[in-house]
Structures are given as C-alpha cells and as structure tokens.
S.K.: 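Supplied in structure tokens, the structure appears directly below.
Hydrogens, waters and symmetry mates are skipped; everything else that's a heavy atom, side chains included, is used.
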Amino acid sequence: MNTAKAILPATFGLLKEISGKADFRIISAFKNAILSFGSKADADELLQHFLQNPTDPYAGDLLEVIGSWGDSSHAEKIFRFSISDGRLHENFPETVLEILGQLGYEPAKPVLAHYAFNSPEYYLNKAAVLGLLHFDCKEYREEIRNSIVKVLDKNLFPEYLPALICKLEDCKELLEQLYRSGATIISTDCNAGIFLGFSLCGDEGRSYFKNALFDPNWEAFYNAARTIVQGMTHLNITFEELMQEAGEIKDEKQLQYYMLVILSLLEIKADSHESKGESFEKLYRNLIATGHLTTLAEKAGQLHDAESVEKLLILRMKEEVILRNKR
C-alpha cells in the first residue's frame, strides 16, 4: 500500500504566486500552511523549483519549507548546488546556510563557521549562526568565546553571534557580562541574539532572560520580540506566568512597561505559524475569559491595545480548533 503523502495544493499555490504578482502576505499564508501540514513530497517539489531558480526573490521562503520537511538528501543537493570552495554562491539566499544546519548536514559546518565568525554582512552572519546552533560546535568553542568577548564593549556587532554562548561548557561569567553589556552598552537594535542565547542556556540563562525581558534598557517590545517569543518556548515560560507577575506590581509606570512588553509579545505570538508553546485555547482561557488581560491593561492605560490583541488571539483560537479537528 502506498502511504506517501500527496503534494499540498498550497505548494502549487505558493509556486504560482511567486512566479506572478508575488504578494508577500499571500506567500506567507501559503508557506505557513505548508509548514503546518506539509511532507517530504512538498519539500521535493519546492527543491526542484529552487534548483531551477536559486536567485528568485522568494527562494528563501522555499528553503524554509524544505528545512522543515526535507532530509539529508535535500541538504546534499542544496549544498552541492549552492556552495563552491567553502563559500555561498553570489546572489544565492543566505537562508541556505541556516537550512543546511537545520537539516544537520555536517559537511556544511566549516562554511557556516566561516560566515559566523568572519562575515560582517548581517543576513549572512545571522543565517550561519542559526545554522551552527543545530550542531554541538565543540571544535569552535574557543572561537565562540573569543568572538563573544569582543562584542561586550560594542554598541553594534553581528547581532546573532552571542546566541552561540549556549555551546560553551562554562558560560556563567560570560552570561553575566552579556547581561550587563546589554543593559548599558549594547544597542537594542542588536540584542535579539543575546535573548536567544539566554534562552538556549536553559536554567543558567533563565534568570538573565527574565530580567532582561522587563528591564526598560533592553526594550524587549521592540527589535527582539519575535526571538523572545521563541525563547519563552525554549525556557517553558508561559504568558500566564508573566501575567501573574504583572498582577503583583503596584508601581504604575512599572506595570505600564510590563503590559507594553506582554501585549507586544502576544501580538507576535498571534502572528506566528509556530505551534509550540501555549495553545491559543489556553491563552483564551487564562487571559481573556478570566478578564485578566483587559483588567491589567486598563490599569496600565492600554485597554485599546489589549482589546485588539484579544481579537487576534480569539481568531487564532478558532483556527486552532478547526485545524485540530481536521480529518
């Protein structure tokens, strides 16, 4: 009996859209559907298109899907097609580097290390670091430590590089130094990688993550918000937990900042296709049905923002229930 899954209609829709008017919102909708319900068959189809059109403006979106549903055979084809002499071909999407790591393709490690430790180009560096996070990186520990130490007194630097702190065996002192620099020197345009690093260090990084989350010097509602939502999942930090802490605050200005951060993160959560972390049903039951979210938001003068976020969360809850009952 053939149990192979058929290619999703969304995959054909995505390919048609990127070859036509290419509305990024429609592309995102198709992509999220494939990320949620796709299979190797979809990865196969999208890989063929990538190999024929590697410099297409939306090639990186195809690679995201391949990274979720592909395997080592996909990684090998991408590597052989995209990399020569240890370097990514010119005008190829930087996402190649991240996906090679996501698919665990060992031959790509030296390439990722080159761009992670040497490239000043933002997207190349980010993709390489995110790719390296999928490996143990034992052979790069000294380089990782030295690279992180070099950014401690800088305002701007390759933003995601500090995320590699999670690959060090003894990082307690460096975590403290990163936290202090993040609160005093490092630009809030450049702290997403530090938040990610804190979250990937487990119990060692949890207190730094939580402290930075509600320290105004870090502006967690701004540049790093999407990474922070991912970090909450890594650390099993729930919105219910954050709301309980907010409910204990007596100072009005402090509460205003807490709610600004929480509402920003909830909005990011509602906009994400990720299924990890708290379900939308749980968020509804704990934050909306109880009136907890609007009560605290009203105290903080942010009722309108909270009501807008609630509408998004309710829509996502309805979608979640429908998808959960999909035959």
S.K.: Do the non-hydrogen side-chain atoms of Gln102 and Ser68 ever get within less than 4.5 Å of each other?
M.R.: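 Yes, close enough: below the 4.5 Å cut-off.
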S.K.: Apply side-chain contact (heavy atoms from CB on, under 4.5 Å) to residues Val129 and Asn125 and explain how you reach the verdict.
M.R.: CA-CA 6 Å; Val129 170; Asn125 184 273; 3.8 Å; yes
S.K.: List the atom of Ile144, the atom of Cys137, and the distance in Å for their closest heavy-atom pair.
M.R.: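 It is CD1-CB, 4.1 Å.
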S.K.: Among Ile66, Leu62, Asp61, whose side-chain contact (heavy atoms from CB on, under 4.5 Å) with Glu64 holds?
M.R.: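 That would be Asp61; it is the only one of Ile66, Leu62, Asp61 passing the side-chain contact (heavy atoms from CB on, under 4.5 Å) with Glu64.
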S.K.: Do Lys167 side-chain atoms and Arg141 backbone N/O form a donor-acceptor pair below 3.5 Å?
M.R.: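 Checked: no pair found.
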S.K.: How long is the straight-line distance from CD of Glu307 back to CG of Asp305, given to the nearest 0.5 Å?
M.R.: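 Reported to 0.5 Å precision, the distance equals 9.5 Å.
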S.K.: Would you say Phe214 has more than 12 foreign heavy atoms packed within less than 6.0 Å of its CZ?
M.R.: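 Enclosed.
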S.K.: Do Val321 and Leu312 belong to the same hydrophobic cluster, where Ile, Leu, Val, Met, Phe, Trp and Tyr are linked whenever their side-chain heavy atoms lie under 4.5 Å apart, directly or via other members?
M.R.: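 Different hydrophobic clusters.
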S.K.: What are the two closest heavy atoms between Ala192 and Thr227, and how far apart are they?
M.R.: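 That closest heavy-atom pairing would be O-CG2, 3.4 Å.
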S.K.: Distance-only, no hydrogens or angles: does the Tyr115 side chain make a donor-acceptor pair with backbone N or O of Leu88 under 3.5 Å?
M.R.: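 Flag set: sc Tyr115 to bb Leu88 pair under 3.5 Å.
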S.K.: Looking at CG of Leu168 and CG of Leu174, how far apart are the two atoms once the value is rounded to the nearest 0.5 Å?
M.R.: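 Reported to 0.5 Å precision, the distance equals 6.5 Å.
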S.K.: Between Glu319 and Arg316, does a salt bridge (charged side-chain N to carboxylate O under 4.0 Å, His left out) hold up when you go through it step by step?
M.R.: CA-CA 5 Å; Glu319 176 191 77; Arg316 290 305 309 273; 2.8 Å; yes
S.K.: Can you tell if the side chain of Leu242 reaches within under 4.5 Å of the side chain of Met232, non-hydrogen atoms only?
M.R.: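 Yes, their side chains come closer than 4.5 Å.
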S.K.: Would you say the side chain of Ser272 lies within less than 4.5 Å of the side chain of Val229, judging by non-hydrogen atoms?
M.R.: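 Answer no - side chains too far apart.
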S.K.: So, using ring pair (Phe, Tyr, Trp, His ring centres under 6.0 Å) as the criterion, who are the partners of Phe135 when residues are at least two apart?
M.R.: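 Ring pair (Phe, Tyr, Trp, His ring centres under 6.0 Å) check on Phe135 returns nothing, list empty.
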S.K.: Provide the closest heavy-atom pair for Glu45 versus Leu15 in the form atom of the first, atom of the second, distance.
M.R.: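 Minimum heavy-atom separation between Glu45 and Leu15: CG-CD1, 4.0 Å.
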S.K.: For Tyr122 and Glu159, which I'm curious about, is there any donor-acceptor pair between the side chains at under 3.5 Å?
M.R.: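 On atom types as modelled, these side chains qualify, holding a pair under 3.5 Å.
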S.K.: Where do Glu278 and Lys269 land on the salt bridge (charged side-chain N to carboxylate O under 4.0 Å, His left out) test, with the steps shown first?
M.R.: CA-CA 9 Å; Glu278 292 165 278; Lys269 167 79 174 176; over 6 Å; no
S.K.: For Asp215 and Asn211, indicate whether the former's side chain and the latter's backbone hold a donor-acceptor pair under 3.5 Å.
M.R.: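 No; zero donor-acceptor contacts below 3.5 Å.
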S.K.: Same hydrophobic cluster for Leu255 and Leu303, using side-chain heavy-atom links shorter than 4.5 Å among ILVMFWY?
M.R.: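 Looking at the clustering, Leu303 is in a separate group from Leu255.
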S.K.: Between Phe81 and Phe92, what is the ring plane arrangement, given parallel below 30°, perpendicular above 60°, and tilted in between?
M.R.: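 The arrangement is tilted - the two ring planes meet at 30° to 60°.
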S.K.: If we check side-chain contact (heavy atoms from CB on, under 4.5 Å) with Met317, which of these qualifies: Glu281, Lys282, Arg285?
M.R.: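 Option passing the side-chain contact (heavy atoms from CB on, under 4.5 Å) with Met317: Glu281.
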S.K.: Does the side chain of Phe198 come within less than 4.5 Å of Leu178's, by heavy atoms?
M.R.: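 Contact flag for Leu178/Phe198 side chains = yes.
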S.K.: Applying a strict under-4.5 Å side-chain criterion to I, L, V, M, F, W and Y, I'd like to know whether Leu152 and Phe157 cluster together.
M.R.: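 Linked, Leu152 and Phe157 end up in one cluster.
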S.K.: Got a second to check how far Glu219's CD is from Ser187's OG, nearest 0.5 Å?
M.R.: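 It is 8.0 Å, given to the nearest 0.5 Å.
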S.K.: Starting from the C-alpha separation in whole Å, work towards a yes-or-no answer on side-chain contact (heavy atoms from CB on, under 4.5 Å) for Ile18 and Asn53.
M.R.: CA-CA 11 Å; Ile18 65 175; Asn53 307 274; over 6 Å; no
S.K.: Check this for me: Lys299, atom NZ, are more than 12 non-hydrogen atoms of other residues, nucleotides or ligands nearer than 6.0 Å?
M.R.: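 Count not over threshold, so no.
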S.K.: Supply the atom-to-atom distance Leu263 CG to Ile268 CD1, rounded to the nearest 0.5 angstrom.
M.R.: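 Interatomic distance, Leu263 CG to Ile268 CD1, rounded to 0.5 Å: 12.0 Å.
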S.K.: Please find out if less than 6.0 Å separates the ring center of Trp218 from that of Phe209.
M.R.: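 No, the ring centres sit 6.0 Å or more apart.
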S.K.: Please say whether more than 12 non-hydrogen atoms of neighbouring residues, nucleotides or ligands are located less than 6.0 Å from CG in Asp203.
M.R.: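 Not buried by this count: 12 neighbours or fewer within 6.0 Å.
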S.K.: Any link between Ile185 and Ile165 through a network of hydrophobic side chains (Ile, Leu, Val, Met, Phe, Trp, Tyr) touching at under 4.5 Å?
M.R.: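 Different clusters.
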S.K.: For Thr11 and Asp42, does a side-chain donor sit closer than 3.5 Å to a side-chain acceptor?
M.R.: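 Note: Thr11 and Asp42 side chains meet the donor-acceptor criterion.
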S.K.: Compare every heavy atom of Asp71 with every heavy atom of Leu103, then report the nearest pair and how far apart it is.
M.R.: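 Where Leu103 meets Asp71 most closely, the heavy atoms are CD1-O, 3.9 Å.
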S.K.: Run the salt bridge (charged side-chain N to carboxylate O under 4.0 Å, His left out) check on Lys126 and Glu94 step by step: do they pass?
M.R.: CA-CA 9 Å; Lys126 175 184 176 181; Glu94 299 88 352; over 6 Å; no
S.K.: Linking I/L/V/M/F/W/Y whenever any side-chain heavy atoms sit under 4.5 Å apart, do Ile27 and Phe12 land together?
M.R.: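 Each belongs to a different hydrophobic cluster.
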S.K.: Are the side chain of Ser28 and the backbone of Phe24 linked by a donor-acceptor contact shorter than 3.5 Å?
M.R.: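 Flag not set: sc Ser28 to bb Phe24 has no pair under 3.5 Å.
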S.K.: Closest heavy-atom contact between Val111 and Gly86?
M.R.: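 Result for this residue pair: CG1-O, 3.6 Å.
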S.K.: Would you please say whether a donor-acceptor pair under 3.5 Å links the side chains of Glu176 and Tyr208?
M.R.: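 The answer is yes; a qualifying pair exists.
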S.K.: Is the shortest heavy-atom distance from the side chain of Leu130 to the side chain of Tyr160 under 4.5 Å?
M.R.: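 Heavy-atom side-chain distance check passes, below 4.5 Å.
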S.K.: Check step by step if side-chain contact (heavy atoms from CB on, under 4.5 Å) holds for Ile99 and His74.
M.R.: CA-CA 10 Å; Ile99 299 311; His74 296 81; over 6 Å; no
S.K.: Nearest 0.5 Å, what's the CZ-OG distance between Phe79 and Ser72?
M.R.: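 Nearest 0.5 Å value for the CZ-OG distance: 13.5 Å.
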S.K.: Side chains of Tyr179 and Ser207: is there a donor and an acceptor less than 3.5 Å apart?
M.R.: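 Note: Tyr179 and Ser207 side chains miss the donor-acceptor criterion.
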S.K.: His89 vs Val96, test: side-chain contact (heavy atoms from CB on, under 4.5 Å). Steps then yes/no.
M.R.: CA-CA 10 Å; His89 290 171; Val96 164; over 6 Å; no
S.K.: Restricting to non-hydrogen atoms, name the atom on Gly202 and the atom on Leu235 that form the minimum distance, rounded to 0.1 Å.
M.R.: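 For Gly202 and Leu235, the tightest heavy-atom pair comes out as O-CD2, 3.4 Å.
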S.K.: Count the heavy atoms of every other residue, nucleotide or ligand shown that sit under 6.0 Å from CD of Glu320, and state whether that count exceeds 12.
M.R.: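 More than 12 heavy atoms, drawn from other residues, nucleotides or ligands, come within 6.0 Å of this atom.
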S.K.: Give, for atom CD of Glu143 and atom CZ of Phe117, the distance between the pair rounded to the nearest 0.5 Å.
M.R.: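 Answer for the CD-CZ pair, Glu143 versus Phe117, is 4.5 Å.
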S.K.: Would you mind checking if Glu106 and Lys109 are paired as a salt bridge, meaning a charged N to carboxylate O distance below 4.0 Å?
M.R.: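 Judged by the 4.0 Å cut-off on N to carboxylate O distance, Lys109 and Glu106 do form a salt bridge.
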